[in-house]
Visitor: 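What follows is a single structure, and I will ask about it in a moment.
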Protein chains: 2
Amino acid sequence: MATKNQASGGVSRQVLADHVYEALLVALMDGRLEAGTPVSIDGMARELDVSPTPVREALARLEATGMVRRMALRGYRVAPLFSPEELADLMDARLVIEPANAFMACKHADPQLTAQLEQAIEDLKAAPRGPSFAEFRAYWEADERFHRLIAESAHNQFLLSAYNALGGQVQRFRFFGGLGVTDADYAIAEHTEILKAFESGDPELAREKMVEHIEGVKQRSQHDSEVRS
Amino acid sequence: MATKNQASGGVSRQVLADHVYEALLVALMDGRLEAGTPVSIDGMARELDVSPTPVREALARLEATGMVRRMALRGYRVAPLFSPEELADLMDARLVIEPANAFMACKHADPQLTAQLEQAIEDLKAAPRGPSFAEFRAYWEADERFHRLIAESAHNQFLLSAYNALGGQVQRFRFFGGLGVTDADYAIAEHTEILKAFESGDPELAREKMVEHIEGVKQRSQHDSEVRS
DNA sequence: GCAGCGTAGATCCTATAGGAAATGCGATTT
DNA sequence: AAATCGCATTTCCTATAGGATCTACGCTGC
């Protein structure tokens, strides 16, 4: 058969558990798996037409991201949505990590990085902002890309791990669901300020602008929480 | 062989994957699993006298901690030991997260917390400091407990996740292997300074003392790296 | 002697089977 | 009527089997 095994090189054969992991992630972000609902191993295996073994492995990995919770002998369930207080805590944690990322990344800034950051801002401007999943997915992707670029450019694998551990990007994505993007104009302006700091090569300014940005996000998310409730 | 398990009590019904996880963790910290060596799923299953399924699940969880790395279709292998540069990066990341933890935890400080911190320092003083695993395990446990208490007392689940994501405690433990504890006196003094800041209820001072402590750890670990090589 | 090939073994990955516990539901009892 | 008990179904968990791929090693041929 040789269906698609490394014919083009680099595309190593995929493991079923990876597919299951991706499918679960999309289902979570899409809202098909609502917060609190149990995720049956056998049931998910039937639904995806695979055996329970890969599902079990995918869920074990997902648990580390905080998207699902596991209770021994009682299975997995989708983690509950954040309360406004937890959302504030998330922003406080981002306020600890991301300004440090910006400071360090700015010290390594080069034209390629600033170009990529600028591209992310442009994509942010161009993205639609509707309330449905398909609409704000592009917006979310550009926003996430901006912050991740900075986190990766700090060149510190541990800070990157810490950034990933927040899982804030995905959770925030879930939060958007049914609400849509409400702070695009502010976010674009603040991202641009951060980019300018990078272009001027001023790490302290980059840190400062990142603080201002996340504090803005925190305030606006609190406001959105009130609107939602 | 089907009759050897759960002969004890039967009250503590645990999942096999949890036992496998613990066994792997101990083996890693103990040095029985050296850096770089492959961890065969089937082989580990034979060694622990279980089926490969729980081993697979335990390894999927371990992968998230960074202790093992996975390559699709090629199995798991023990993550390499840190280079001095990576160790410095780890300390830089701790310098970002742990002072913030100390600041926030100090704002919630109560007599119970300070008592527990003091106990951790006392245990640190009492622990043996030899080069073998069994000897410095108690030292490591008391040190880890001190920092974890502060991380948990910050009352921010995301900062706690970030702290856990560093995996620094376990990795540092591995680093001690064959070297022993060399900086106990400094660490005890610095921990005491942090405790005093907590007792005086001065969050800014707590942050400052934590910075001094981790900078001290960073410098001394760099020195140890040179000795080791 | 050295390169190429083929077989055997090991390993990973997935599927299937079956035991044990938990959940749901209906009948019985107080 | 409410609570409790028992049974059936679901679900989790572990073991086992088998296919596919990679590695090791010996053999043949030049």
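Order of the sequence lines sets the chain letters (A, B, ...), proteins ahead of strands, with each chain counted from 1.
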Visitor: Hey, is Asp18(A) close enough to Arg70(B) for a salt bridge, meaning N to O under 4.0 Å?
Guide: yes
Visitor: Can you measure Leu16(B) atom CG to dC12(D) atom C1' for me and round it to whole angstrom units?
Guide: 13 Å
Visitor: Look at the side chain of Arg46(A) and decide which nucleotide, out of dT11(D), dA15(C), dT14(D), has an atom nearest to it.
Guide: dT11(D)
Visitor: Looking only at side-chain atoms of Ile41(A), point me to the closest of dC13(C), dA15(C), dC12(D).
Guide: dC12(D)
Visitor: How many whole angstroms separate atom NE2 of His19(B) from atom P of dA15(D)?
Guide: 13 Å
Visitor: Please determine, for the side chain of Asp42(B), which listed nucleotide (dT14(C), dT11(C), dC13(D)) has the closest atom?
Guide: dT11(C)
Visitor: Taking the side chain of Ser51(A) as heavy atoms from C-beta outward, which of dA15(D), dC12(C), dA15(C) is closest to it?
Guide: dA15(C)
Visitor: In terms of the angle between their ring planes, are Phe146(B) and His191(B) parallel, tilted or perpendicular, with boundaries placed at 30° and 60°?
Guide: parallel
Visitor: The side chain of Val50(A) is closest to which nucleotide in this list: dC13(C), dT14(D), dA15(C)?
Guide: dA15(C)
Visitor: Expressed as a whole number of angstroms, how long is the span from Arg56(A):CZ to dT11(D):C1'?
Guide: 10 Å
Visitor: Ignoring hydrogens and angles, tell me if any N or O in the side chain of Thr37(B) forms a donor-acceptor pair with the backbone of Leu33(B) under 3.5 Å.
Guide: no
Visitor: Rounded to whole Å, how long is the line connecting atom OH of Tyr76(B) with atom P of dC12(C)?
Guide: 10 Å
Visitor: Check the pair Phe158(A) / Phe82(B) against ring-ring contact (aromatic ring centres under 6.0 Å, His included), numbers first and verdict last.
Guide: CA-CA 12 Å; Phe158(A) 304 100; Phe82(B) 287 168; 5.2 Å; yes
Visitor: In whole angstroms, how far is the P atom of dA15(C) from the CG atom of Asp49(A)?
Guide: 8 Å
Visitor: Pick base, sugar-phosphate or nothing for Val39(A), based on heavy-atom distances below 4.0 Å to the nucleic acid.
Guide: sugar-phosphate
Visitor: Within this structure, what is the CD-to-P distance between Glu57(A) and dT14(D), rounded to whole angstrom?
Guide: 15 Å
Visitor: Measure the distance from CG on Leu73(B) to C1' on dG19(D) and round it to the nearest whole Å.
Guide: 13 Å
Visitor: Among dT16(C), dT16(D), dC13(D), which is the nearest nucleotide to the side chain of Thr53(B)?
Guide: dT16(D)
Visitor: Give one of base, sugar-phosphate or nothing for Arg74(A), where a contact means two heavy atoms less than 4.0 Å apart.
Guide: sugar-phosphate
Visitor: Please tell me which of the listed nucleotides, dT14(C), dC12(D), dC12(C), lies nearest to the side chain of Ser40(A)?
Guide: dC12(D)
Visitor: What I want to find out is whether Asp183(B) reaches Lys218(B) closely enough, with some N-O distance under 4.0 Å, to be called a salt bridge.
Guide: no
Visitor: Toward the 5' end of DNA chain C, which comes first, Gly43(B) or Ala17(A), by nearest nucleotide?
Guide: Gly43(B)
Visitor: Among the nucleotides dC12(C), dA15(C), dA15(D), which one has an atom lying closest to any side-chain atom of Pro54(A)?
Guide: dA15(C)
Visitor: When the distance from CE of Met71(B) to P of dT11(C) is rounded to whole Å, what number comes out?
Guide: 16 Å
